Participant: 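Take this structure first; my questions come after.
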Amino acid sequence: MLMILVPYSHNFSLAALDKQPPVPDLEHSADSNAGGVGGSGANAKGALPNGGKCSGPGAVVIRGPSHTSPTDDFKEHQALLKRVAFNQGLEAKELAEQSDALFDMLAAATLARLGLLVHEGVLKMAKSNALYPLSYHTFPFLADGKRLASVGIDDNHTIVLWDWKKGEKLSAVSYWTLRLLRAAGADAVFLGLIYLPCSSCTHQMYAFSPSADVGIYFSFSKPSRGGGLIGRKGCIGAMGRTDTMMCAVYGWTEEMAFSGTSTGDVCIWRDLFLIKTVKAHDGPVFSMHALEKGFVTGGKDGVVALWDDTFERCLKTYAIKRAALAPGSKGLLLEDNPSIRAISLGHGHILVGTKNGEILEVDKSGPITLLVQGHMEGEVWGLATHPHLPICATVSDDKTLRIWDLSPSHCMLAVRKLKKGGRCCCFSPDGKALAVGLNDGSFLMVNADTLEDLVSFHHRKDVISEIRFSPGAGKYLAVASCDSFVDIYNVMSSKRVGICKGASSYITHMDWDIRGKLLQVNTGAKEQLFFEAPRGKRQTIPNLEVEKIGWASWTSVLGSCCEGIWPIIGEVTDVTASCLTSDSKVLATGDDFGFVKLFRFPAKGKFGKFKKYVAHSTHVTNVRWTHEDSLLVTVGGADTSLMLWTYEMEGHRESRQCDSEESDLDSEEDGGYDSDVTRENEINYTIKALSTNIRPMFGIKPHLQQKEPSLDERALNLVPETCPEAKTQEAVPSPKPPSLAEEEDQSPPQDLVLELVFGYRGKDCRNNVHYLNDGADIIYHTASVGILYNVATGSQSFYQEHNDDILCLTVNQHPKFTNLVATGQVGDSADMSATAPSIHVWDAMNKQTLSVLRCYHSKGVCSVSFSATGKLLLSVGLDPEHTITIWKWQEGAKIASRAGHNQRIFVAEFRPDSDTQFVSVGVKHVRFWTLAGRALLSKKGLLSSIEDARMQTMLSVAFGANNLTFTGTISGDVCVWKDHVLVRIVAKAHNGPVFTMYTTLRDGLIVTGGKERPSKEGGAVKLWDQELKRCRAFRLETGQMTDCVRSVCRGKGKILVGTRNAEIIEVGEKNAACNILINGHMDGPIWGLATHPSRDFFLSAAEDGTVRLWDIAEKKMLNKVSLGHAARTVSYSPEGDMVAIGMKNGEFIILLVTSLKIWGKKRDRRSAIQDIRFSPDSRYLAVGTSENAVDFYDLTLGPTLNRVSYCKDIPSFVIQMDFSADSHFLQVSTGSYKRQVYEVPSGKQLMDQAVIDRITWATWTSILGDEVVGIWSRHAEKADVNCACVSHSGISLVTGDDFGMVKLFDFPCPEKFAKHKRFLGHSAHLTNIRFTSGDKYVVSAGGDDCRIIVE
């Protein structure tokens, strides 16, 4: 069942789901009957009617902050800002870090609401600029509303001027720079800032301080003049004495300012000069508000005064007293003449905020209406709901016990002052008595109606932390204290009858069983203890038995039934409170992060599913269900707020939006399943620098082995006297084919230049193929290379500045930034090192790098997007938080960053018409984001009331007019969103997942690409109208059983399509004709590679079960053969008329090249074939396998392929094989780093090293042997050289390794760590490499990247 908590004026229900869903859905309630009272009138005016939520019906929040002195208001607007932040998408942890100390928010009357909405953005900006490490004091706007000033309570009391729209700091000045302006020896704390209200005074403001002699005027110079703040001290002259300034306002003329002092005077200033003082109040003047023709002031004397525009005459005064309350006013004043801390006037009424946490509305005719009231200083911990009535009791550190009406009147029914602050309270079962635990170790019982004392006890010295009546008649009262004891009292006899001992820490929670004979106790040491009542004897009860016990209440946070309520990262104090509904189905919890969560009970197992709601600032201290479970009541600690949440019974839930957050572990059925989506979500990218062996090699690596004697040494020292002629025989200088001996004068190639790349990364990327230059070129990527492909000529040019795999690509659409491309790559940790992920912004035509952004994303960057103006760049990381970052790419500066979601984000894109709005989609979520200054605010997609709507895994996004957003789902549906609310579902837009969508800017048409089987009616690519109501389908002529489209882009009359099968296809809109531009292997690694003996052709074989023929000159794939099994190796016959293919299942096939018909096939082994070779005389076929064997087949016996012999005693699996030029010998490289030579066809191992040294090899692909020991680098501890090839001329050697590098050596290279040139392009693990027939090209094959590169 699903539970939802919503604002009080709404209802909410339990809705049944087929399987266990993620539990509750709480909606943050708006606050109507409570809120913060600031140090300024605008604050009360702008925030109090709704308690911080700008629209919508209000729920109840009853609170009031502490106002003991001007500098005691550190937590003034905690709850208010929390609610504002929630409405704007800020997360609790962000706000809690920054808003614990906030004094007042001053705003012009017309900008009061704007002030609330902008403030959290300012908080975020200040954090990112490392300003104000503690908090903020005041926030005034300039007269024109374009700038915002703020004062911090940091050590330097810094004043900062902001351009709040851009989130930019214009200027800052420190108090220490003003020390010459203050009185000698005084230590100033600025209490506020005000701006001149006239529109012509947009560069002046006034700051006031309690310990400065007077206020300080500031003027702000224009940016062209340096943009600095200049302060000037006010001049008192002979008019008065120095005094502490508490508040200030400007008059409605440019030169006049007025400030209130701690002695009750109002100082009148003209420019910098004090011209007059007026006695206004008996005590400090805490608040002033300027009217068009006068002023209103409030002071500690509890009087509100109306003044004329020159402070010559007091027009009227209003005393805040109980007797002045209007007859219909709800609630009770705590005292007469409370200190007034905030004041504002408008619409014929005066809003007044008091020290006691009250907000009153004063009518000009005199009557006073009490709007809001709450607790004051300290923290609120004590909370109890009545057993039969809709009322609750709270007790606080402010030494008051209060009774609240939870019915629609929402008012305080009674209040009593206590001698000490309290931490807990509890109603008796009949509701007639109320027990209250105090901070001094005493407790008392009072009459629940009159709050008069019934009895009191004082047996403990420490805080009474919990207090509970036994069920039924309430015969016993259990009283827990922070000194680790629980005292049990007989209520009737008023005597202590038992003591529960044995706890090793303070008591946190306590519950009775339904019989009233057993107590369950939680302690701060994470103990769950049980005691017999009333004696207090400790009991040991197994977990299974605990579940069987009937409990009168459940507020425990420990035990097997509550294991799931604890977060993944948490300590015992994280979950502060819990409460179970009377039907024992739903458990509500509060935690130290300010969240209220709902779980299904019992919450067994770790990390249970839940619904999460932003509620209080910092910690939620207590939660309680009312007697009918119709309301959930929560109290905050430092925010002193009381919040109500409603609860609908099943079947009565109204359709409405809900802003709850899902738990980290959502229900399995909601997201849907697709193999490609699952593979992409779970893929673990390999970092080149951290690469390890792609093969399971073992043994001592060649460069660490003891070098054997050279040929000359053996010839001189080891040859027997019976062979004197051997001593004079010259050694063969290097093994070269005899046919090329005459070409020894050829010089080795001086360099390798990237010529061609075959392949496209579509298996795990999307939206990465784009048109450039009106469709003449296309841009895409594979491996670590960005590729510009000319459609007409097939030529390629390359961007090669990345050092690891590119995962995403986007093109800047703004005309100012034509052909500008951004690409993001794989990386390691976000430590700004060389292996950290990076984003490159580059020009596609000249390949010039314009900006490199070193990312804060760990693992890699999976999505990038330019804003509408092209000046901002959005990036999404693969780190666990899937961080979203906004960049000013031209400056290389990060503007804003925030955790995106706890599940994988696949795509995030800016709206095509916006620099501030974008949408992210991913596993079971869609979020709508706004860039507000330097803050990122988000709203989750709301499913509204559409029948059967469910949150699926979202894979793609596109945009329409009128703020419409389209998201493609895993099921094939397309969801249509208005703002962030789901308004329509296009069911089965595709038969499978909608992986990609594209918005055409010129006409608004939308292209979608999905996964589905080709049919006459539909295809994997569809072109839709602007509202996604009509479409035309296009079939892709790929020959695949299922087409899976990963990228689409629309040009003039053509659609560019990238597929999961590594194909890029151009589709004509008019005739639907398909032109395949790019081919590639779709899955890897590509192990097999063979070049034609006489032409610039080559073959590749991969684990996707295909062998492909490529033409280098024509720059295209000529043919493809599907084998049905993964292929591991391929080889041409010496004449090029036959091809041998070895497969992973142990089978090999021989094809005729002209007809591609099978000439013969055989399977004598059950494990993978690692290499396959024709002998130079075309008589024998050698097949090397993972079974430590090489089989020989005599081809002259026909296609029956009878095995004639095999090599024995091979120490490990076969890696490479090479025939000698005379076909008599075969050298075998093995997985134990040993090279052995065998006779052909007998398979007998050749042990005579002298004979081996004189063999001339037809080819050399071995990575082992004295001739190639120099190819092994010093850094080969964890990674290997995987492949090698000697040129046909015999003078050059190329290698490929696990780091994806191609290296060029001279051959032979017998000395360790030989000099070489290296070339990047592949991902980690380069699996095979070959020279073409004339040594003109080098062809290399990648492992993970499935790419073939020609250099």
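All figures in this text were calculated on a predicted structure; none of them were measured in a lab. Basis for what follows: all heavy atoms, side chains included, without hydrogens, waters or symmetry-related copies.
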Participant: May I ask you to check whether Phe1219 and Phe1174 place their ring centers less than 6.0 Å from one another?
Facilitator: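 Ring-ring flag for Phe1219/Phe1174: false, centres at least 6.0 Å apart.
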Participant: I'd like to know if the side chain of Asn1119 and the backbone of Leu1109 have a donor-acceptor N/O pair within less than 3.5 Å.
Facilitator: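 Checked: no pair found.
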Participant: Do other residues, nucleotides or ligands put more than 12 heavy atoms under 6.0 Å from the NZ atom of Lys1161?
Facilitator: no
Participant: So does Asn1061 get a backbone contact from the side chain of Thr1059, meaning a donor-acceptor N/O pair under 3.5 Å?
Facilitator: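 Judged by distance alone, yes, a pair lies under 3.5 Å.
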Participant: If you define the side chain from C-beta out and look only at heavy atoms, does anything of Leu1077 sit under 4.5 Å from Tyr789?
Facilitator: yes
Participant: Return each pair, listed once, that meets side chain to side chain donor-acceptor pair (under 3.5 Å) where at least one residue sits in residues 1089-1100; pairs must be two or more places apart or across chains.
Facilitator: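 Matches after skipping sequence neighbours: His1081-Ser1100, His1092-Ser1094, Ser1100-Trp1110.
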Participant: Quick one: do the Ser1186 and Gln1170 side chains pair a donor with an acceptor below 3.5 Å?
Facilitator: yes
Participant: Do any N or O atoms from the side chain of Thr1327 and from the backbone of Ala1341 form a donor-acceptor pair under 3.5 angstrom?
Facilitator: yes
Participant: Which pair of non-hydrogen atoms, one from Leu1304 and one from Ser1292, has the smallest distance, and what is that distance?
Facilitator: CD1-CB, 4.3 Å
Participant: How many angstroms lie between atom CG of Leu1226 and atom OH of Tyr1238, to the nearest 0.5 angstrom?
Facilitator: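 Going from CG on Leu1226 over to OH on Tyr1238, the span is 9.5 Å.
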Participant: Under 3.5 Å, side chain of Asp1111 to main-chain N/O of Lys1116, donor-acceptor pair present?
Facilitator: no
Participant: Side chain to side chain donor-acceptor pair (under 3.5 Å) between Tyr1233 and Asp1280: does it pass, once the steps are laid out?
Facilitator: CA-CA 10 Å; Tyr1233 299 108; Asp1280 277 331; 2.9 Å; yes
Participant: Side-chain contact test, heavy atoms from C-beta onward, threshold under 4.5 Å: evaluate it for Leu752 versus Val1302 and give yes or no.
Facilitator: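 The answer is yes, as the side chains (C-beta and beyond) meet within the 4.5 Å cut-off.
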Participant: Can you tell me how far apart CD1 (Ile1172) and CD1 (Ile1141) are? Round to the nearest 0.5 Å.
Facilitator: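 CD1 of Ile1141 is found 8.5 Å from CD1 of Ile1172.
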Participant: Can you name the residues that form a salt bridge (charged side-chain N to carboxylate O under 4.0 Å, His left out) with Arg1203, not counting sequence neighbours?
Facilitator: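 Partners of Arg1203 by the salt bridge (charged side-chain N to carboxylate O under 4.0 Å, His left out) criterion, ordered by chain and then number, come out as Asp1191.
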Participant: Using a 4.5 Å cut-off on heavy atoms from C-beta on, say whether the side chain of Cys765 contacts that of Arg1046.
Facilitator: no
Participant: Could you tell me whether the side chain of Lys1208 reaches within less than 4.5 Å of the side chain of Gln1245, counting heavy atoms only?
Facilitator: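 Gln1245 does not reach Lys1208 side chain to side chain.
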Participant: Output yes when a side-chain donor or acceptor of Ser1047 lies under 3.5 Å from a complementary backbone atom of Asn768, and no otherwise.
Facilitator: yes
Participant: Any side-chain heavy-atom pair from Phe1319 and Glu1351 closer than 4.5 angstrom?
Facilitator: yes
Participant: Mind listing the closest non-hydrogen atom pair of Cys808 and Cys862 along with its distance?
Facilitator: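 So the two residues come closest at CB-O, 3.5 Å.
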Participant: State plainly whether the residues Asp1043 and Lys1011 are in salt-bridge range, i.e. N to O under 4.0 Å.
Facilitator: no
Participant: Could you tell me whether the side chain of Lys1162 and the main chain of Leu1201 form a donor-acceptor pair under 3.5 Å?
Facilitator: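 Side chain of Lys1162 to backbone of Leu1201, a donor-acceptor pair under 3.5 Å: yes, one is there.
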Participant: Would you say the side-chain atoms of Thr1259 and Thr1261 include a donor-acceptor pair closer than 3.5 Å?
Facilitator: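 Judged by distance alone, the side chains do not pair up.
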Participant: Between the side chains of Tyr1193 and Asp1164, does any donor sit under 3.5 Å from an acceptor?
Facilitator: yes
Participant: Distance only, no hydrogens: is a donor on one side chain within 3.5 Å (strictly under) of an acceptor on the other, for His1322 and Ser1340?
Facilitator: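 Distance-only check passes for His1322 and Ser1340.
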Participant: Is the shortest side-chain heavy-atom distance between Val1268 and Trp1260 below 4.5 Å?
Facilitator: yes
Participant: Strictly below 4.0 Å, N to O, side chains only: are Glu1187 and Arg1166 in salt-bridge contact?
Facilitator: no
Participant: How long is the gap from CG on Leu1151 to CG on Leu1123, to the nearest 0.5 Å?
Facilitator: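 Reported value, rounded in 0.5 Å steps: 7.5 Å.
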Participant: Run the salt-bridge test on Asp1083 and Arg1060 with the 4.0 Å N-O cut-off and return the result as yes or no.
Facilitator: yes
Participant: Less than 4.5 Å apart, side chain to side chain, heavy atoms only: is that true for Ile1329 and Val1338?
Facilitator: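 Answer yes - side chains close enough.
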Participant: Can Asn681 and Gln903 be counted as having a side-chain donor-acceptor contact under 3.5 angstrom?
Facilitator: no
Participant: Please indicate whether Tyr1206 has more than 12 foreign heavy atoms, meaning atoms of other residues, nucleotides or ligands, lying under 6.0 Å from its OH.
Facilitator: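 For Tyr1206, atom OH is not crowded (no more than 12 foreign heavy atoms under 6.0 Å).
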Participant: Answer with yes or no whether the side chains of Asp1194 and Thr1196 bring together a donor and an acceptor at under 3.5 Å.
Facilitator: yes
Participant: Does a salt bridge link Glu1239 with Lys1244, judged by any charged N lying under 4.0 Å from a carboxylate O?
Facilitator: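 Salt bridge: no.
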Participant: Would you check if Phe1225 and Gln1227 make a side-chain contact, meaning some heavy-atom pair closer than 4.5 Å?
Facilitator: no
Participant: We want to know whether Asn1079 and Tyr760 form a side-chain donor-acceptor pair, criterion being a heavy-atom distance below 3.5 angstrom.
Facilitator: no
Participant: Would you kindly check if the NZ (Lys) or CZ (Arg) of Arg1163 is within the cone defined by 45 degrees around the ring axis of Phe1148 and under 6.0 Å from the six-membered ring centre?
Facilitator: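 That pair does not qualify as a cation-pi contact.
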Participant: May I ask you to check whether Ser1262 and Ser1229 show a side-chain donor-acceptor distance below 3.5 Å?
Facilitator: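 Yes, Ser1229 and Ser1262 have a side-chain donor paired with an acceptor closer than 3.5 Å.
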Participant: Test your reading of the model: is there a side-chain donor-acceptor pair from Thr953 to the backbone of Val923, 3.5 Å cut-off?
Facilitator: no
Participant: Whether the side chain of Trp1159 engages the backbone of Ala1140 through a donor-acceptor N/O pair (distance < 3.5 Å, no angle test) should be reported.
Facilitator: no
Participant: Is it the case that the side chains of Arg1108 and Thr1106 hold a donor-acceptor pair, with the cut-off being a distance below 3.5 Å and no angle test?
Facilitator: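 Yes, side-chain donor-acceptor contact under 3.5 Å.
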Participant: Measure the spacing between CG of Leu1264 and CD of Gln1236 and express it to the nearest 0.5 Å.
Facilitator: 10.5 Å
Participant: Would you confirm whether Asp1297, through its side chain, and Met1301, through its main-chain N or O, come within 3.5 Å as a donor-acceptor pair?
Facilitator: yes
Participant: For Asp804 and Ser784, does a side-chain donor sit closer than 3.5 Å to a side-chain acceptor?
Facilitator: no
